[in-house]
There are 2 protein chains.
Amino acid sequence: MSDRNRRTTSRKSTGSEQPLSERQRVILRVIVREYVASGRPIGSKALVRLSGIDVSPATIRNEMARLEELGYLEHLHTSGGRIPTDKGYRYFVAHLMGNIELSSSEQLTILHQFRQVELQLEQWIELAAATLARAAGNVSVVSAPIPQTPRLRHLELISLQPRLGLVILVTTDGAVRQLMTHWPDDADQETLSALADALVPPLRGLTADEIAGHAAGASALARVALAQVEIAMRAMTASVAPVRHSGLEHVLAQPEFSDATEAQELLTLLGGGSFVSAILPRLEDAPGVRVFIGEENQTDELRRLGIVVSTYGVDDEVVGVLGVVGPTRMAYDRSISSVRYMARLMSDLMADLHGQ
Amino acid sequence: MSDRNRRTTSRKSTGSEQPLSERQRVILRVIVREYVASGRPIGSKALVRLSGIDVSPATIRNEMARLEELGYLEHLHTSGGRIPTDKGYRYFVAHLMGNIELSSSEQLTILHQFRQVELQLEQWIELAAATLARAAGNVSVVSAPIPQTPRLRHLELISLQPRLGLVILVTTDGAVRQLMTHWPDDADQETLSALADALVPPLRGLTADEIAGHAAGASALARVALAQVEIAMRAMTASVAPVRHSGLEHVLAQPEFSDATEAQELLTLLGGGSFVSAILPRLEDAPGVRVFIGEENQTDELRRLGIVVSTYGVDDEVVGVLGVVGPTRMAYDRSISSVRYMARLMSDLMADLHGQ
DNA sequence: ATTAGCACTCTCTCACAGAGAGTGCTAAGA
DNA sequence: TCTTAGCACTCTCTGTGAGAGAGTGCTAAT
């Protein structure tokens with residue numbers, strides 16, 4: 001009894017963090033792989049069969065007990081096999097899964113799909129979300145690329161009705177925004193076109209901040225137009241970018257979400273933009289694919305999820321975020337390689353777009 | 001025994017379709033209301049309590065049996081109360097629910113939300129979807145308004161890189177589209193601006209078809225630009241409009257979708273645009289709110305759903321679709337009044353936009 | 001260090017019983 | 001003729017308990 005107590009209490013803080021033996025690593029890998037695939041805890045007997053290790057189940061049991069002490073596995077019920085802990089998944093991601101690439105046939109399929117679609121940013125994002133979801137077998141999340149410091153390239157003022165019109169602006173990176181606008185006075189198309197023609201040359205290449213400086217002394221109409229331009233350009237860099245997601249069906253099929261309330265939580269999470277704002281801060285100045293597993297996440301809603309994300313884009317010009325979300329029990333290897341490939345692909349597309 | 005057989009067989013084709021008595025109407029109304037609210041079948045005893053009719057449960061049972069013969073109710077299990085059939089819901093919608101309006105406080109809340117948002121079509125759609133979902137307590141579906149015969153108002157050609165650029169076009173109803181385009185030759189901004197300035201006057205006010213006629217004899221660059229304009233304008237009228245949906249959480253909470261596969265079907269339905277194409281044909285030239293209940297739907301995926309839709313927009317200028325989707329067991333009164341109100345609101349917004 | 005053996009624990013499935021709810025039918029009452 | 005009370009019946013739902021199955025930890029032997 002005292003023996004048992006000692007073990008239980010020592011589970012959390014494991015004094016000497018000696019490296020795992022090769023056999024332990026094999027066991028952990030098989031458990032992660034198998035649990036991810038089946039969703040059912042793995043017992044010692046099944047493990048012997050699956051791992052090919054030529055020892056008895058009893059030996060495996062000892063090793064499993066040791067791995068549990070070290071915090072890599074856990075024990076849902078007294079009987080019923082073991083499952084990986086978050087730490088176990090983390091170890092798997094760091095040391096056991098190898099450095100997997102998508103198979104070249106998969107890469108080709110994806111490339112092919114992108115070739116078939118028109119040169120439309122919206123469509124790229126849509127397609128990226130759909131493709132990533134399928135490749136990773138999870139919910140995918142793709143944000144639009146956010147220009148880092150958008151500069152004005154072109155401006156167009158349109159009259160729809162006497163006092164209602166559009167401000168259309170194009171930035172140097174090719175993004176287009178339109179805002180409906182109330183003009184302060186009646187303004188016909190001639191007046192507006194003339195104003196736009198007059199405004200563009202001095203403003204070309206300026207940032208939102210710089211444009212703000214030009215408002216003083218201008219006509220009322222020009223001030224309204226400039227204010228709208230400024231709003232639009234600031235909105236472009238806002239970190240709460242619109243986010244597409246796709247592939248909910250994959251995740252709802254998982255037993256973790258068979259409970260409707262779990263599914264609901266995920267939906268509100270994805271629906272309400274809070275997802276990106278929760279994740280984005282942790283991506284700052286860390287390139288490549290990042291993985292957050294269960295408890296490693298900072299907000300409660302994410303504690304039962306695994307997240308694989310990457311930024312994409314062209315340094316200092318545009319940056320977007322894409323990734324996948326699923327239960328902690330997800331195929332991290334597959335997700336990571338999918339996210340990595342898709343981020344590279346989207347980055348290439350952005351680079352093309354920006355002429356590199 | 002023979003008696004029982006007679007009733008069972010006579011259920012489908014009910015010879016004399018005499019009008020329901022007042023008491024039967026009350027019973028049917030209470031059953032629909034209560035079943036929608038609770039999701040549990042209603043028995044004779046509960047019905048007496050709920051309806052306030054001062055007769056014994058036995059009498060109610062006779063009436064219920066009669067309603068079942070007539071096809072308005074059904075019997076899931078020998079015991080366990082009755083639930084409405086599709087025909088029962090249909091009768092409820094046609095004769096029993098009254099002509100309900102959203103409460104004026106609800107109307108005000110919604111109006112207020114629309115006032116707070118900027119004058120952006122995208123945002124209106126988003127907001128309409130979110131609001132409708134909440135008001136109706138179901139999944140909402142809102143399509144962007146489709147211009148009936150878009151006419152060109154303005155055209156802008158932008159150079160991003162030597163051979164890559166943007167075609168931006170504005171139609172008379174204020175819709176803006178941009179397409180990324182490969183120019184056939186190197187084209188600097190001056191050339192493109194000059195071309196745009198030259199193209200706009202003759203093309204202003206023309207439809208896609210009419211623009212197609214202008215391509216002959218033009219320069220290669222102009223032909224590419226015109227082709228893009230034509231593509232964009234045709235895409236605008238394509239009936240497969242992009243559709244926003246919102247409020248999945250409401251529906252996933254319903255027991256009908258606690259089974260993950262049901263939920264999945266709904267997701268793929270909403271995700272894959274097939275929804276609008278399945279519904280749209282049936283909306284042709286029928287104004288106002290339409291209701292499709294279960295078996296009334298033509299495709300199998302929709303057989304277990306109730307759908308309440310309406311077109312919105314300005315006649316002959318823009319037309320969009322909005323509605324809600326839920327299990328057949330849905331609060332049709334609430335959904336109908338929400339859809340009706342929201343369609344009116346969006347139509348008003350469109351009318352404002354088109355200057356009426 | 002490994003293994004066989006064993007007692008133990010926990011889940012899962014199935015069957016069964018009893019409560020509860022509701023039904024249809026019959027016969028009596030208004 | 002409509003309504004009602006009574007009754008036998010059916011079906012679901014909720015335990016409960018038994019038994020199988022899987023897996024574990026521990027001990028003792030190899």
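The chains referred to below are lettered A, B, ... by the order of the sequence lines, with proteins before strands, and numbering in each begins at 1. Bear in mind the structure is a predicted one, so any value in this text is a computation, not a measurement. These numbers come from the heavy atoms of this one structure, side chains and all, not from hydrogens, waters or symmetry mates.
When rounded to the nearest whole Å, the span between CE of A:M64 and C1' of D:dG25 equals 13 Å. Look at CZ on A:R66: it is 17 Å from C1' on C:dT2, rounded to the nearest Å. Taking atom NE2 of residue A:H75 and atom C1' of nucleotide D:dG25, one finds them 9 Å apart after rounding to whole Å. Rounding to whole angstrom units, CD of residue A:E34 and C1' of D:dG23 are separated by 16 Å. To the nearest angstrom, P of C:dT23 lies 10 Å from CG of B:L73. Spacing between atom CG of A:L76 and atom P of C:dT9 amounts to 19 Å, rounded to whole angstrom units. The nearest whole Å value for the distance from the CD1 atom in A:I83 to the P atom in D:dA22 is 19 Å. As rounded to whole Å, 10 Å separates atom C1' of D:dT24 from atom CD of A:E68.
For the helix from C:dA1-D:dT30 to C:dA30-D:dT1, the end axes, each set by the C1' atoms of five terminal pairs, are bent relative to each other by 20° (nearest 10°).
Residue pairs meeting the salt bridge (Lys or Arg N to Asp or Glu O under 4.0 Å) criterion with at least one partner in residues 52-64 of chain B, sequence neighbours excluded, are B:R23-B:E63. Pairs of residues two or more places apart, or lying in two chains, that qualify as salt bridge (Lys or Arg N to Asp or Glu O under 4.0 Å) and include a residue from residues 30-48 of chain A are A:R33-A:D333.
Judged as a salt bridge (charged side-chain N to carboxylate O under 4.0 Å, His left out), and not counting sequence neighbours, the contacts of A:R304 are A:E262. Taking A:E296 as the reference, A:R90 meet the salt bridge (charged side-chain N to carboxylate O under 4.0 Å, His left out) condition, with sequence neighbours excluded. By the salt bridge (charged side-chain N to carboxylate O under 4.0 Å, His left out) test, A:R329 is found to be paired with A:E256, residues two or more places apart in sequence or in another chain being considered. Partners of A:R29 under the salt bridge (charged side-chain N to carboxylate O under 4.0 Å, His left out) rule, at least two apart in sequence or in another chain, do not exist in this structure. Residues satisfying the ring-ring contact (aromatic ring centres under 6.0 Å, His included) criterion with B:H95, sequence neighbours excluded, are B:Y91. In terms of the side chain to side chain donor-acceptor pair (under 3.5 Å) criterion, residue partners of B:S21 (sequence neighbours excluded) are, by chain and number, B:Q24.
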Full working for ring-ring contact (aromatic ring centres under 6.0 Å, His included) between B:Y332 and B:F92: CA-CA 9 Å; B:Y332 290 98; B:F92 176 82; 7.5 Å; no
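For B:S335 against B:N138, the heavy-atom pair with the smallest separation is OG-ND2, 3.3 Å.
The closest donor-acceptor contact from the side chain of B:T109 to the backbone of B:S105 lies under 3.5 Å.
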Under 4.0 Å protein heavy-atom contacts per nucleotide of nucleotides 1-9 of chain D, with B for base, S for backbone only and - for none: --SBBB---
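The stretch residues 40-50 of chain A comes close to DNA chain D through A:G43, A:S44, each having a heavy atom under 4.0 Å from the strand.
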Return the polar atom pairs (N/O with N/O) between nucleotides 11-15 of chain D and the protein under 3.5 Å, or none.
from	atom 1	to	atom 2	distance (Å)
D:dC11	OP1	B:T78	OG1	3.2
D:dT12	OP1	B:H77	ND1	3.4

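The distance from the CG atom of B:L248 to the CG atom of A:L270 is 10.5 Å, given to the nearest 0.5 Å.
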